[in-house]
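If you're wondering where the values come from, they're calculated on a predicted model, not measured in any experiment.
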Amino acid sequence: MRKMYLDLIEEAERPIFFCSFGKDSSAVLHGIMPWIKKIMVVFVDCGGMYPDTVDWAKKMGGKLPKFMIVNAAGDIWEDIAKKGWSVDVEIAAIGRHSNLMMTEEVANRHKVRPWTECTMERFWIPAYAFSEMYRADLFISGEKYLDRPYATDWGYRTHGTANAIRPIFDWTDDEVWEYIDANGIQLPMTYQGRQGDRRDCFLCFGHGLTVGRVRYLKDNYPGLFEKVFHEKGFAEVVPVMVKHFTELLSVWTDVKNLLGESNGKAG
């Protein structure tokens, strides 16, 4: 079983740990328990967290010496209406398709925007503001490279804290689950099925979207599913997403075929 390296905590006076109470952060929370009396554990509620996760955070956080829930500013439904649905549009940010994808309105009332913008506004900015106020001298994260291999903003996301550690950064999911099982770590209902999908926000249709994530919402929170897709109308956005992704895929498929023709002639 993998070991966490947590030496810097011993020297820190005001360490801070942002904990989502998902599998990764729960594993790290267990690892840092010997120093928990001096660690500020923070749960950021972006406004679209699964209800069981929020309840779990309150329950487990209430047992910790230092715990704080930080809420994003404003109502997330109003944000969606004003700024757009959070979707995985990065792949379409090439040529003319990106503008169509990001600005087209559906039924005159829907827009979409990259999930990264929503995450920054509803998670990282509130986290940054709290970190500035708390004046932490050590930033602890449960982030893994496998979840964010494209991330180049680690320095920014430590919110100016001089020292930072990511104890499971190079772990695989299997290694995290091995640690959880070996130590009998409990998780909220949202993570019991051990699906590979992220469970951070039920309103996020980006960040590695899978059918499993949407099915989980439908099966376990039918009221929220109905509100998202029908009452608020995300179902109207889906055909537009399919249309533009299909156009983009068609272009690159034609390029692939062209290259295949070239290789054939060269041979």
Side-chain angles (χ1 to χ4, degrees), residues 1-10 12 14-46 48-70 119 123 127 130-131 136 138-149 151 154 157-158 164-202 204 207-208 210 212-213 215-217 219-221:
M1 186 174 65
R2 294 291 298 271
K3 178 182 177 182
M4 296 184 197
Y5 293 96
L6 305 163
D7 298 346
L8 286 177
I9 300 178
E10 195 68 42
R14 297 178 65 81
I16 190 171
F17 173 47
F18 284 92
C19 182
S20 70
F21 292 94
K23 68 174 178 45
D24 297 333
S25 60
S26 291
V28 173
L29 180 61
H30 177 275
I32 64 177
M33 275 297 169
W35 302 274
I36 199 63
K37 289 184 178 180
K38 67 175 180 178
I39 298 174
M40 172 60 76
V41 179
V42 181
F43 175 76
V44 180
D45 186 349
C46 69
M49 311 296 286
Y50 285 96
D52 69 280
T53 303
V54 176
D55 291 342
W56 186 265
K58 292 177 180 178
K59 175 184 175 181
M60 301 306 291
K63 300 177 181 180
L64 301 174
K66 296 182 179 181
F67 178 70
M68 180 69 66
I69 294 179
V70 174
T119 302
F123 181 85
F130 183 84
S131 294
L138 177 66
F139 185 94
I140 306 168
S141 168
E143 183 179 52
K144 299 202 315 301
Y145 173 78
L146 291 175
D147 293 330
R148 290 179 58 87
W154 171 244
R157 290 185 298 109
T158 61
I165 55 173
R166 292 180 282 184
I168 61 170
F169 184 66
D170 61 345
W171 289 25
T172 65
D173 281 335
D174 287 342
E175 288 170 334
V176 174
W177 283 118
E178 181 184 10
Y179 184 91
I180 288 171
D181 290 339
N183 291 284
I185 299 171
Q186 294 182 309
L187 300 172
M189 181 194 76
T190 310
Y191 296 88
Q192 295 299 327
R194 302 200 176 197
Q195 300 94 337
D197 310 312
R198 297 189 66 87
R199 296 282 188 259
D200 294 332
C201 178
F202 66 80
C204 183
H207 210 339
T210 66
R213 190 193 301 176
R215 182 174 289 116
Y216 179 87
L217 178 64
D219 292 345
N220 293 278
Y221 296 95

| Contacts of type side chain to side chain contact (heavy atoms under 4.5 Å, CB included), residue D55, not counting sequence neighbours | none
| said: Tell me if a side-chain donor or acceptor on S25 pairs with a main-chain N or O of S20 at a distance below 3.5 Å. | reply: yes
| request: For residues L138 and R14, determine if any side-chain heavy atom of one lies less than 4.5 Å from a side-chain heavy atom of the other. | output: no
| About how many Å separate CZ of F123 and CG of D45, when rounded to the nearest 0.5 Å? | 10.5 Å
| message | Nearest 0.5 angstrom please: I39 CD1 to I9 CD1, how far? | response | 4.5 Å
| task | Flag the pair Y179 / W171 as yes when at least one side-chain heavy-atom distance between them is below 4.5 Å, and no otherwise. | result | yes
| message | Quick check: closest heavy atoms across G31 and P34, and the distance to 0.1 Å? | response | O-CD, 3.4 Å
| field | For the student: nearest non-hydrogen atoms of V28 and P167, plus distance | value | CG1-CG, 4.1 Å
| note | Rounded to the nearest 0.5 Å, the NZ atom of K144 sits from the CD1 atom of I168 at a distance of 5.5 Å
| message | Just so I know, are the side chains of I36 and L29 near enough to count as touching, which here means a heavy-atom distance under 4.5 Å? | response | yes
| request: Before giving the answer on side chain to side chain contact (heavy atoms under 4.5 Å, CB included), spell out for D200 and C46 the whole-Å C-alpha distance, their side-chain angles and the decisive distance to 0.1 Å. | output: CA-CA 9 Å; D200 294 332; C46 69; over 6 Å; no
| field | Stepwise side chain to side chain contact (heavy atoms under 4.5 Å, CB included) check, F17 with I32 | value | CA-CA 9 Å; F17 173 47; I32 64 177; 3.6 Å; yes
| query | Should I69 and K58 be marked as a side chain to side chain contact (heavy atoms under 4.5 Å, CB included) after you check the CA-CA gap, both sets of side-chain angles, and the distance that decides it? | reply | CA-CA 8 Å; I69 294 179; K58 292 177 180 178; 3.6 Å; yes
| Can any side-chain N or O of T53 pair as donor or acceptor with the backbone N or O of M49 at less than 3.5 Å? | no
| query | Do the non-hydrogen side-chain atoms of I180 and S26 ever get within less than 4.5 Å of each other? | reply | no
| note | Output for pair (F18 CZ, M68 CE), nearest 0.5 Å, gives 11.0 Å
| message | Going by the rule side chain to side chain contact (heavy atoms under 4.5 Å, CB included), which residues pair with K63 if we only count those two or more places apart in sequence or in a different chain? | response | K59, M60
| query | Does the side chain of R215 reach to within under 4.5 Å of the side chain of L217, using non-hydrogen atoms? | reply | no
| request: Please name the pair of heavy atoms, one in V176 and one in A27, separated by the smallest distance, quoted to 0.1 Å. | output: CG1-CB, 4.2 Å
| query | Quick one: salt bridge (charged side-chain N to carboxylate O under 4.0 Å, His left out) pairs with a partner in residues 176-185, sequence neighbours left out? | reply | D181-R194
| query | Between the main-chain N or O of E10 and the side-chain N or O of K38, is there a donor-acceptor pair closer than 3.5 Å? | reply | yes
| field | With K23 via side chain to side chain donor-acceptor pair (under 3.5 Å) - residues at least two apart | value | D173
| request: Compare all side-chain heavy atoms of M189 with those of Y50 and state whether any distance is below 4.5 angstrom. | output: no
| query | Taking all atoms of both residues into account, what is the closest heavy-atom pair of G62 and F67, and its distance? | reply | N-CD2, 4.3 Å
| Side chains of F43 and V70 in contact at under 4.5 Å (non-hydrogen atoms) | no
| request: Indicate the atoms forming the closest heavy-atom contact of L8 with A164, along with that distance. | output: CD1-O, 4.3 Å
| note | Taken in chain and number order and not counting sequence neighbours, the residues that satisfy side chain to side chain donor-acceptor pair (under 3.5 Å) with Y221 are D52
| query | Are the side chains of F139 and I165 in touch, meaning some heavy atoms are under 4.5 Å apart? | reply | no
| Heavy-atom closest contact (Y216 atom, T190 atom, distance) | OH-CA, 2.9 Å
| query | At what distance, to the nearest 0.5 angstrom, does CD1 of I140 lie from CG of L6? | reply | 7.5 Å
| message | Going by the rule salt bridge (Lys or Arg N to Asp or Glu O under 4.0 Å), which residues pair with D170 if we only count those two or more places apart in sequence or in a different chain? | response | R2
